[in-house]
Amino acid sequence: MAAPSPWDATRAREIIDAHLELEGPALPILHALQETFGHVPREAVPMVASALNVSRAEMHGIVTFYHDFREEPAGEHVVKVCRAESCQSRGGREIGDRIAALLGLKWYETSADGRVTLEPVYCLGLCTMGPNAMVDGKPVARIDKVGAARLVEEVTR
Ligand code: FES
């Protein structure tokens, strides 16, 4: 995962302009902004709203509606635990709750030291190997209690 770039209005403008010809450009623009800056910077929201001729409130509503978008920078490590059905049926709920408890975080929270962000994800395409998670973009499969503790140790040390 590439390190997020610091806020740069010129770069944001380029990203917005590069997507304006798409049909339904709002989500692709927001994804591209997040890909570049690690989150959707609040400074970018009025720029996107203006480019798409919608109100700031509408654009803010889109950003907050989709949990994929972060309004704040993520932690150094991002742990995404699958909460979808197949993983749930393999004990994923308990594993997710265990990881959250070991990290001392709620879903969508980042630790106070900025080390870890915990997020749910809804299917990683590895259903037969659940319970699954993704740590910094890398899948972690068949997580049991020991695996959950190991995962937490790796992202907090
Ligand atoms: S349900 Fe978890 S990977 Fe598909």
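Counting convention: from 1, in listed order, for ligands and their atoms alike.
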Give the numbers and elements of all ligand 1 atoms closer than 4.0 Å to a heavy atom of Leu126. 3 (S)
Within less than 2.8 Å of atom 2 (Fe) of ligand 1, any N, O or S from Cys87? yes
Look at atom CZ of Arg42 and say whether more than 12 heavy atoms of other residues, nucleotides or ligands are closer to it than 6.0 Å. no
Using a 4.0 Å cut-off to any heavy atom of Ala84, which atoms of ligand 1 qualify? 1 (S)
Does atom OH (Tyr122) have a neighbourhood of more than 12 heavy atoms from anything else shown, all under 6.0 Å? yes
Supply the atom-to-atom distance Ile143 CD1 to Arg98 CZ, rounded to the nearest 0.5 angstrom. 12.5 Å
Between Phe69 and His39, does the ring centroid distance fall short of 6.0 Å? no
Should Gly125 be listed as contacting ligand 1, given a heavy-atom distance under 4.0 Å as the test? yes
Residue, atom name and distance, where the atom is the protein heavy atom closest to atom 3 (S) of ligand 1: Leu124 N, 3.2 Å
Show me which atoms of ligand 1 lie under 4.0 Å from any heavy atom of Ser86. 1 (S)
Are Ile62 and Ile15 linked, directly or through intermediate hydrophobic residues, by side-chain heavy-atom contacts shorter than 4.5 Å (ILVMFWY only)? yes
Element-labelled atoms of ligand 1 that are located less than 4.0 Å from some non-hydrogen atom of Asn132: 3 (S)
Glu14 and side chain to side chain contact (heavy atoms under 4.5 Å, CB included): which single residue from Asp17, Ile16, Thr10 fits? Thr10
Can you tell me if, anywhere in Cys82, an N/O/S atom lies at a distance from atom 2 (Fe) of ligand 1 that is smaller than 2.8 Å? yes
